[in-house]
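Lettering follows sequence order; numbering is per chain, from 1.
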Amino acid sequence: MASKRAFGLLEPLAARRTSRSELRRTTQCQRRWSSVSQRPGSDRVHFPGAVNSKFTTALAFTRPAELEAMPTYRILDQEGVIVDKSRQPSDISSEEMVGLYKHMVSVSIMDLIMFDAQRQGKVSFYMVSAGEEGIAVGSASSLSPNDPIFAQYRETGIFQYRGFTPHDFMAQLFATTDDPGRGRNMPVHYGSTKYHIHTISSPLATQIPQASGAAYAVKMQNMHNPTDEQRVVACYFGEGAASEGDFHAALNIAATRACPVLFICRNNGYAISTPTLEQYRGDGIASRGVGYGIDTIRVDGNDILAVREVTRQARQLALEQGGRPVLIEAMSYRVSHHSTSDDSFAYRAKVEVEDWKRRDNPITRLRKYMESNSLWDESQEKELRSEARKSVLDAYRKAEKEKHPPLRSMMTDVYEELTEEQIEQMQKMKKMVERYPNEYDVTGYEGGLDGMNVDRR
Amino acid sequence: MLPRALTTTRRAYASHPPKARLNISTDYSSTPLLHHSAKSALANKELSAEARNGTTQRINLFQAINSALAHALRSDQRVLLFGEDVAFGGVFRCSMNLANEFGDDRVFNTPLSEQGIVGFAIGAAMEGMRPVAEIQFADYVYPAFDQIVNEAAKCRYRAGSNGDAQSSGGLVIRMPSGGVGHGALYHSQSPESLFTHIPGMRVVIPRSPTQAKGLLLAAIASNDPVIFMEPKILYRAAVEHVPAEAYTLPLSTAEILKEGKDVTIISYGTPLYTCQSALEAAERDLKCSVELIDLRTVYPWDRQTVMSSVRKTGRCIVVHESMVNAGVGAEVAATIQEGCFLRLEAPVQRVAGWSTHPGLAYEKFNIPDVARVYDAVKTVLEY
Ligand SMILES: Cc1ncc(C[n+]2csc(CCOP(=O)(O)OP(=O)(O)O)c2C)c(N)n1
Ligand SMILES: [Mg+2]
């Protein structure tokens with residue numbers, strides 16, 4: 001793969017393999033440029049900035065408040081019943097459906113355990129995805145396992161779906177030697193090359209324009225290797241993060257460069273304490289996609305089957321005509337506190353949360369559907385829950401005893417190689433520990449003091 | 001909201017080794033850097049007569065910030081307070097009750113956009129208000145970097161004779177900063193030196209509740225834009241008697257916290273407590289006398305106080321949390337080298353974060369500790 005890509009880069013960019021749809025796009029572009037002059041008598045605007053607007057003599061402001069809100073697609077209602085009997089969930093076997101359910105439940109069980117673990121001081125921090133498991137698992141199930149993903153932090157279900165084991169989660173959460181992040185990141189900032197998920201970064205929205213760029217890379221690679229699987233990029237973020245400049249830059253650049261990227265917004269009603277009413281005044285995040293000329297859909301995030309179907313079709317759309325972005329706004333409610341550092345009852349009523357919990361939830365919705373279709377029963381439920389719990393706890397107990405990576409990991413990977421300055425600093429720090437052995441505890445790190453050894457070249 | 005978990009120290013990452021003598025956690029209830037009595041708080045010569053004749057409240061640093069903000073909002077119609085999650089009290093509780101008391105026209109939540117928050121604040125300042133903008137963590141100030149560096153810092157200069165009406169004076173950008181033991185890459189940074197490189201911004205970092213209140217009120221009163229970095233570990237940890245009246249403390253003025261003859265230690269913010277512990281051990285063990293200086297404003301900084309101290313002691317150590325490379329210590333050391341060369345008995349030492357990022361599991365080995373400062377005192381004495 002890597003060598004293919006490298007070869008691709010050496011080829012002239014206007015490669016012989018330019019597709020017909022690419023050509024069509026290029027001519028469209030040219031037409032747009034050559035038709036900017038105003039034809040006499042035309043009833044339409046031909047300014048370069050808006051090429052197909054009708055003239056009018058009626059002075060009327062467009063009032064967003066008077067427009068109908070974008071509809072929300074669903075398959076199941078809150079009782080887990082198919083709303084439109086003529087549209088059965090397509091493309092999903094019973095095993096797959098049960099699989100989705102198991103992934104959601106596994107995430108929610110790990111969340112409960114780790115939230116408590118934080119309360120007991122075992123880990124420094126944790127964030128659950130309660131109420132939003134369906135968005136992560138459902139969308140991930142419609143991607144190719146090879147589609148690169150950029151996520152925010154409340155999408156644990158993606159990692160679960162792509163193959164993270166309890167051991168993988170615990171290694172990150174406890175910053176053990178098996179953590180690919182080398183013990184550097186706060187808990188829940190997972191990342192995986194194996195599963196094509198870029199490492200979570202706390203600064204909000206930074207991943208969104210990166211996803212556009214990654215999608216452009218993927219677009220080029222799709223073009224260079226037309227017989228390989230054609231990929232898209234998926235990018236997740238919250239409705240709060242969508243207020244950042246990076247969000248807007250990302251959508252606009254993805255639209256102008258026609259990048260095959262799925263922007264998947266989890267609109268859960270809150271950004272820490274800030275309700276959506278103070279976050280934006282438009283029709284959610286979806287209306288912005290339209291503004292950027294991006295195909296957009298809103299979906300019920302508590303309906304995993306709907307999320308899955310929407311993502312499946314969005315992915316197809318994103319690959320049409322050489323690629324283009326699609327925006328999905330998945331509606332849900334953050335039933336949990338923002339994180340273990342938050343007490344959400346300081347800014348919202350407990351009954352509001354209890355109401356939501358009772359009314360709707362992606363896990364119970366799918367369970368009701370499966371039960372009424374004889375795909376699931378109480379004993380399977382019990383077994384699943386106890387097994388999920390056991391496997392998380394087993395991994396937890398092991399990880400708790402593991403060491404952190406060697407102390408040199410404090411400095412490595414800033415650059416590909418340690419700098420001369422860093423090597424001196426590491427040696428200074430090691431001498432400090434040797435000179436003042438009682439002042440430092442290196443036993444929790446792989447290799448103890450030797451873990452601070454670095455090569456002097 | 002990240003207050004409790006990010007400001008407590010019970011975490012395994014932050015505990016100290018059983019036999020440690022130097023690297024033990026700061027005892028804020030006894031450190032001489034905090035006022036443990038009303039008498040000591042009111043003896044502060046920098047206070048106005050009014051404040052000195054008043055009473056004190058025993059409060060922590062977030063309460064001191066809250067008290068300063070309340071006073072500013074009460075006494076000046078032009079003052080506004082906004083940022084992410086500010087309305088319900090802020091994730092560190094600094095704005096508690098202020099939206100209730102002063103109304104949501106003046107104290108409000110913004111959408112989640114730092115560039116928006118700072119640009120909005122600059123515009124409000126340019127049109128005569130005194131906006132206090134909160135950035136939730138210093139680690140998240142970078143989207144606003146363009147607004148700060150190219151706008152806030154330069155608008156007086158570019159407007160020239162229009163500057164009085166077009167400067168961003170009155171603007172204060174507050175942000176919690178610094179390590180807490182387990183904040184990792186994005187809840188630990190101290191980006192002050194990125195701003196000290198920018199003429200036009202004043203960069204202030206208080207060490208205590210008393211300092212926070214007086215310096216914040218001075219920042220809001222200042223006609224220059226100010227970056228106000230609040231060491232978040234001190235929000236709850238540092239508790240002291242604080243004058244109840246409103247008062248300002250001078251910007252761009254260092255304070256000598258303890259006089260000494262042989263070594264000058266220069267620092268600001270949280271590491272001052274580390275320096276205090278180190279100097280107590282060093283004076284005991286090494287029979288020396290150490291002077292401790294708090295820069296308070298790291299730019300434009302009080303060069304004369306620092307240089308006259310070093311001319312007296314001949315030895316100097318600069319301590320800060322953020323990375324040593326191109327940090328505040330580099331500027332201080334270079335200035336001392338230029339201004340006090342013939343008086344120096346030893347090279348200026350910098351004790352600072354290493355040239356890396358604040359990785360979660362490694363903070364204890366990265367942020368300067370008492371042993372490293374102690375060792376630096378030894379080094380300059382034995383040079
Ligand atoms: C640039 C930046 N600013 C502020 C923060 C602090 N912060 C962390 S999460 C959060 C709220 C995010 O809300 P949303 O995007 O809706 O995601 P949700 O938590 O609801 O899943 C904030 C303000 C941050 N991480 N990065
Ligand atoms: Mg949200």
Side-chain angles (χ1 to χ4, degrees), chain A residues 118 121-122 124-125 175 181-187 189 201-205 238 240-246 271-274 278-280 337-344 346-347 404-405 407 409-411 414 419 421-422 425-426 429 432-433 435-442 444-445 452, chain B residues 1-6 10-13 15-24 84-85 87-91 108-116 136-137 139-140 142-143 181-187 324-325 354-366 369-372 374-375:
Chain A
Q118 192 282 335
K122 301 286 188 186
S124 56
F125 177 79
R182 300 209 159 99
R184 292 171 186 147
N185 304 302
M186 273 174 93
H189 291 58
S201 166
S202 310
L204 289 167
S243 291
E244 291 281 5
D246 273 347
I272 308 188
S273 77
T274 305
E278 293 173 23
Q279 196 64 249
Y280 56 76
H337 300 305
H338 170 71
S339 71
T340 48
S341 309
D342 176 42
D343 172 11
S344 67
Y347 52 80
H404 293 310
L407 275 162
S409 314
M410 172 166 74
M411 298 278 207
V414 173
T419 64
E421 184 188 31
Q422 288 179 309
Q425 292 176 354
M426 209 62 219
M429 192 61 225
M432 269 304 295
V433 180
R435 222 172 313 141
Y436 299 87
N438 289 341
E439 304 297 336
Y440 297 94
D441 185 358
V442 295
Y445 300 85
M452 300 180 94
Chain B
M1 170 171 42
L2 292 134
R4 213 146 298 141
L6 282 182
R10 76 198 153 96
R11 219 40 75 224
Y13 308 104
S15 65
H16 58 78
K19 283 194 268 173
R21 185 179 71 91
L22 298 168
N23 284 346
I24 51 179
E84 293 157 19
D85 302 295
F88 91 112
V91 297
F108 52 89
N109 286 343
T110 62
L112 212 170
S113 166
E114 292 74 17
Q115 66 187 102
Q136 201 162 77
F137 284 86
D139 312 62
Y140 303 134
Y142 308 115
H182 47 87
L185 266 59
Y186 304 110
H187 296 86
V324 67
N325 50 294
W354 304 119
S355 302
T356 185
H357 309 296
L360 179 73
Y362 312 103
E363 185 175 309
K364 271 182 298 184
F365 295 85
N366 188 20
D369 55 29
V370 178
R372 279 171 63 195
Y374 175 92
D375 193 63

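Minimum interatomic distance between A:Ser273 and B:Asp85 (heavy atoms only, all atoms of both residues): OG-OD1, 2.6 Å. Considering every non-hydrogen atom in both A:Met410 and B:Thr356, the closest pair reads O-OG1, 2.6 Å. The shortest non-hydrogen separation linking A:Tyr440 to B:Asp369 is OH-OD2, 2.6 Å. The two atoms that bring A:Ser202 and B:His187 nearest to each other are OG-CE1, 4.0 Å, heavy atoms only. Closest non-hydrogen pair, A:Gly245 versus B:Ser113, comes out as N-OG, 4.4 Å. Taking all atoms of both residues into account, the shortest heavy-atom contact from A:Gly183 to B:Tyr362 is O-CE1, 3.9 Å.
To the nearest 0.5 Å, atoms OH (A:Tyr436) and CG (B:Asp375) are separated by 3.5 Å. One distance of note links NE2 of B:His357 with CG of A:Asn185; it measures 11.0 Å at 0.5 Å rounding. For the atom pair OH of B:Tyr374 and CD of A:Glu439, the computed distance is 9.5 Å after rounding to the nearest 0.5 Å. Of the inter-residue distances, the one linking A:Asp441 atom CG with B:Lys19 atom NZ reads 11.0 Å to the nearest 0.5 angstrom.
Contacts of B:Val370 with chain A are absent, with no heavy-atom separation under 4.5 Å from either backbone or side chain. Only the side chain of A:Gln422 comes within less than 4.5 Å of a heavy atom of chain B; its backbone N, CA, C and O stay farther away. At a 4.5 Å heavy-atom cutoff, A:Thr419 makes no contact with chain B through either its backbone or its side chain. Heavy-atom distances place both the backbone and the side chain of B:Phe365 under 4.5 Å from chain A.
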> Are B:Leu185 and A:Arg184 close enough, and set up right, to give a side-chain contact (heavy atoms from CB on, under 4.5 Å), and what steps lead you there?
Replying inline: CA-CA 7 Å; B:Leu185 266 59; A:Arg184 292 171 186 147; 4.3 Å; yes
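Side-chain contact check for A:Gln425 versus B:Val324: some heavy-atom pair is nearer than 4.5 Å. Residues B:Gln136 and A:Ile272 are in side-chain contact: their nearest non-hydrogen atoms beyond the backbone lie under 4.5 Å apart.
Ranked by heavy-atom pairs under 4.5 Å with chain B, the first of A:Val442, A:Val433, A:Leu407 is A:Leu407. Contact count versus chain B (heavy atoms, under 4.5 Å) is highest, among A:Gly240, A:Pro437, A:Ala241, for A:Gly240. Comparing A:Gly181, A:Ser201, A:Ala205 by heavy-atom pairs within less than 4.5 Å of chain B, the highest count is held by A:Ser201.
For the pair A:Glu421 (side chain) and B:Ser355 (backbone), a donor-acceptor distance under 3.5 Å is absent.
Residues that satisfy the side-chain contact (heavy atoms from CB on, under 4.5 Å) test with A:Glu278, not counting sequence neighbours, are A:Thr274, A:Pro275, B:Asn109.
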